[in-house]
Every structure is written in structure tokens, then in C-alpha cells.
Amino acid sequence: MALAIAFLFFSILISTTTTYGLDSCTSSDLSIVHIYGKCSPFTSPKRESWVDTVIDMAKKDPLRVTYLSMLIGEKTSVPIASGQQVLNIGNYVIRAKFGTPGQLVYMVMDTSNDAAWIPCSGCSGCSPTMFSPNVSTTYGFMDCKMPQCTLVRGLSCPDSGPSPCLFNQSYGGDSSFSAILSQDSLRLGLDIVPDYVFGCLSSVSGGNIPPQGLLGLGRGSMSLLSQSGALYSGVFSYCLPSFKSYYFSGSLKLGPTGQPKTIKTTPLLRNPHRPSLYYVNLTGISVGKVLVPVAPELLAFDPSTGAGTIIDSGTVITRFVAPVYIAMRDEFRKHISGTISSLGAFDTCFTSSNEALTPLITFHFDGMDLKLPMENTLIHSSAGSLACLAMAAAPSNVNSVLNVIANLQQQNLRILFDLTNSKLGIGRELCN
Ligand SMILES: *[C@@H]1O[C@H](CO)[C@@H](O)[C@H](O)[C@H]1NC(C)=O
Ligand SMILES: *[C@@H]1O[C@H](CO)[C@@H](O)[C@H](O)[C@H]1NC(C)=O
Ligand SMILES: *[C@@H]1O[C@H](CO)[C@@H](O)[C@H](O)[C@H]1NC(C)=O
């Protein structure tokens, strides 16, 4: 009954999307919008159906998962993303304000990154630019002598004398950017984080640099949570809007106030080699009532190799290492009758008239089970005739076994990160 009411409510919202969508776009709260959604200034490169957009975006996942799987970055807690770190972020944006008076900036939320950067005025190759340091009374660049500057790779500082902390980074053969390590007030909703350290982009070249600002919500020393100290007490949560309803927005809640009082939790695990990442202890997967048989070492957390499972806001569809994915998929297929076909990254599609047979998928974490809602399990073709299991195998060419719980499986759930108590909470919430 509750579900039916929720669905009805949802349908009403859908049918009034135009006005609701516009109103919600102008709100000043910490809403999270899909990057190609109605309220985002960034438009999809091609006008295409939503499922095709998801399929296109999911094509970038293997590169991101490969990056996330790499064991030792030379320096992992840099405030500015390294070449590989800038690749393939980015599905959800939030509005923030930088400087005094505050200037509106759109930033991609990235929970696996500590970096912050924004395209600054005068930046060549940035489109759009978002922030004019010269009109902010609180802006300052950081000098080469400052300790944060030594964390930045690609640095070129003179041997003596004062100099702004400038740096260049290149990647992928054809793309690069340069930036000035800077400090200014960051406004998130009603909060102000003074002297927030970020990279002010001054030039980008090549086709691979995403145009948005980046807000690193990782665990490392330069992330928002570390830089904001007591303001947020190491606690934040988000609820990602549904992929199907891109007129709507989810929300980011920073700090302990307003977080769910009762929520199921599992311990967060810390990997000193990858301090930005949120590792969790995934102990098994069930399909229907069947606990999928997988070798424990394919799920086990191993800080020395980087193996284990992370929860990530920048990967589109959940990726399990191939043997785990195949075992889960094969069990899933046993429940579905008719021909199995594939669509983009999805290898288990079937006629949607058979959807009632879809088994419930449960992720078992240490101390917490997550029963995936059906919209977080299946994705539909644009014509609606096919339903596909919305997960895939991780790329096999990486040097550690990393499983990534991704966006599509997180929609309409509140995901709570409590770094003080080292816990991750997950609860149902209609967050659109
Ligand atoms: C700030 O810099 C931008 C771009 O460099 C320039 O167009 C603008 O006129 C400057 N504004 C002020 C107040 O100096
Ligand atoms: C960054 O690259 C530009 C163009 O290649 C160059 O002019 C500039 O000196 C470089 N800056 C640093 C800090 O290396
Ligand atoms: C993961 O959870 C299992 C089951 O509760 C437990 O035996 C194991 O020690 C946990 N692993 C870590 C790294 O905490």
C-alpha cells in the first residue's frame, strides 16, 4: 500500500514535471542533480534516450574502475586530481558558491577523490568558466612555500623567492590542464568553509577534461570533510535521484544534523594505500533465496593489494570482478525465461513482459543487508520492450580485484558516511 501511494505520488510529480522541474532548479539548497538532467547546465553531447545516455556513460566505467583499482598512486592525497583521477568522474553535480560575494559554481560530487577544482575566469579551453577570483575579496593563491603545494604533482616552483603554486598535469596522451593552487570561502547551502584549498584552472587542452568543477568527498587529508574540520564532524550523506526521472534532484546533507536517526550500518574499512576510498566489507550476494557461491578471496578486503569492495559516486553501474559477476548473473538468468540478449554494457536482457520473474538481489555487508529495489536492479530499453540486469563485470586487466558499488544501485537510497564512527549507513528514501 505504501508503495502504491509512493508510486502514485511519483506519477503525479512526473505529470507536472515542467513547473516542478523549473522550480526545483532554482532552489539554493544542496540538491544533487544528474549531470545531464533537467536542472544541470551541462547538456548531453547527443540528444538521445535516457537509457542510451546511461549506456554511453557506463562505457567510461571500465577506465574509472581501472583507475580505482590501481594500487599505489605516488601521492594519493593530493588536493588536485592526478591525470588518471580526472578521468571519468562525474555523474552528479551540486551547486556551491565560491568567494565573497559568493559566485555560483557547479561541482561534480566524487566520493573517491579528495580533489577540488573549478574552471576560473581567463581559463583557456574551459567551457563554461565559473569563478572570477579577481572579484572575490577572500581569494588568495597559495605560495610555493606552503606545505599543501608540495602535495601537488606536476609542480614547477622556482628555487627561491615567492611564487604562486602553479602546476601542470597531462594525461591520456592528448589532454592536460594547468591550475593555481588557491584558497577561498566555499559556501554549501548556508555553511561557509573558509580558506578552502582548491585548484583554480587556468588552462585545459585536449578532449578529455570534464568541464565541471570537482568536489572531492573522499576520506583523504585534503577532502571537503578534512578541510571543514569540526563544521561537519566527519559526517555526510547523499540520496541520488532516480535515473528514470531526471527532472528531479536528490540531496547532499553535510554534518550530523538532519541525518536519519535509525539506519542500518556496516563498518567502513580503511586502506592506507588508498586513503580516499570508502571500502566496505561485502561478504556475499544473494539472488532470490540463493546465496551465490563465490570464492571468499574475491570479496575479501586486502589493504596490501587494494582488493575489496568500495562504494563510489562516480561509477555508473556496479561492477564485480568477473568470476563474482558471472556467478551472480548465471543465478539471475536461471529465474528468467525466454531469450537472453545484450544491450551496451548489459549482458542479461530479456523481454520486459517476463519482468515479474525478476529475483530480488541482496548485497550482504558485514552487519547489514541491502535488498536492491527493483529500479536499482533493472534498466529498460528506450522502447521499454527489454529489461536488463543493470550491472556488469569489472575490467579484467587490472592488478587487484576491486568491486565497485555504483550510482545506479544507489538511487533512492540515503547513503550515510560517518567517518567519526567509521560506518556506512544505507536506508530507503524516495529522494527525488
Ligand atoms: C576579472 O577577470 C576577468 C577575466 O580575466 C575580466 O574579464 C574582468 O574584467 C575582471 N574583473 C575585474 C573587476 O577586474
Ligand atoms: C604549463 O604549460 C604551459 C603551456 O605548455 C606553459 O606555458 C607553462 O609554463 C607551464 N606551467 C608550469 C607551471 O609548468
Ligand atoms: C568482514 O566480515 C566478515 C563477516 O562478518 C568478518 O568475518 C571479516 O573479518 C570482516 N573483514 C574485515 C576486513 O573486517
Side-chain angles (χ1 to χ4, degrees), residues 65-73 76-77 111-114 217-221 223 225-226 234-237 259-260 262-313 315 318-329 331 359-372 376 391 393-394 398-406 409-410 413-428:
V65 175
T66 301
Y67 155 66
L68 294 172
S69 308
M70 292 184 327
L71 177 54
I72 315 279
T76 42
S77 48
T111 56
S112 295
N113 215 311
D114 297 336
L217 291 171
R219 289 185 94 166
S221 58
S223 78
L225 289 188
S226 304
V235 176
F236 74 100
S237 72
Q259 302 295 357
T262 55
I263 191 166
K264 285 188 288 180
T265 65
T266 185
L268 281 170
L269 307 176
R270 181 179 285 283
N271 179 349
H273 297 301
R274 277 266 157 242
S276 309
L277 302 183
Y278 292 103
Y279 279 89
V280 287
N281 186 357
L282 179 73
T283 56
I285 302 167
S286 290
V287 174
K289 291 189 161 46
V290 178
L291 181 64
V292 176
V294 292
E297 60 270 23
L298 296 173
L299 298 178
F301 175 62
D302 181 347
S304 66
T305 63
T309 302
I310 62 163
I311 185 147
D312 179 40
S313 70
T315 307
T318 291
R319 306 269 173 170
F320 292 117
V321 293
V324 172
Y325 175 71
I326 290 167
M328 177 190 72
R329 176 201 73 185
E331 181 58 39
L360 200 63
I361 294 183
T362 307
F363 295 162
H364 303 287
F365 297 99
D366 187 8
M368 172 179 83
D369 280 352
L370 171 61
K371 288 192 198 326
L372 285 186
N376 299 16
M391 293 181 237
V398 298
N399 56 9
S400 68
V401 288
L402 188 70
N403 302 296
V404 180
I405 312 288
Q409 279 63 43
Q410 296 175 40
L413 297 174
R414 174 125 329 247
I415 315 283
L416 175 72
F417 298 80
D418 179 348
L419 304 199
T420 310
N421 299 303
S422 216
K423 280 182 178 163
L424 177 95
I426 302 185
R428 280 308 294 274

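Just so you know, ligand 1 is whichever comes first in the structure, and atom 1 is the first atom listed for that ligand. Excluded from the calculations below are hydrogen atoms, water molecules and symmetry mates; all remaining heavy atoms, backbone and side chain alike, are included.
Residue T283 places no N or O, backbone or side chain, under 3.5 Å from any N or O of ligand 3.
Proximity of atom 11 (N) of ligand 3 to the protein is indicated by at least one non-hydrogen atom lying closer than 4.0 angstrom. Protein heavy atoms are absent from the 4.0 Å sphere centred on atom 7 (O) of ligand 3.
Side-chain contact between M391 and L372: present, with at least one pair of heavy atoms (C-beta onward) separated by less than 4.5 Å. For the pair Y279/L402, a side-chain contact is recorded, criterion being any heavy-atom separation below 4.5 Å from C-beta on. Taking the side chain as every heavy atom from C-beta outward, F301 and N281 never approach each other to under 4.5 Å.
For atom 13 (C) of ligand 3, the nearest non-hydrogen atom from the set L299, L269, T266 belongs to L269.
What sits closest to atom 5 (O) of ligand 3 on the protein, heavy atoms only, is D366 OD1, 3.0 Å. Atom 9 (O) of ligand 3 has as its closest protein heavy atom N281 ND2, 4.7 Å.
The closest side-chain donor-acceptor pair between D312 and S112 falls under 3.5 angstrom.
By the 30° and 60° cut-offs, the orientation of the rings of F417 relative to F236 is parallel.
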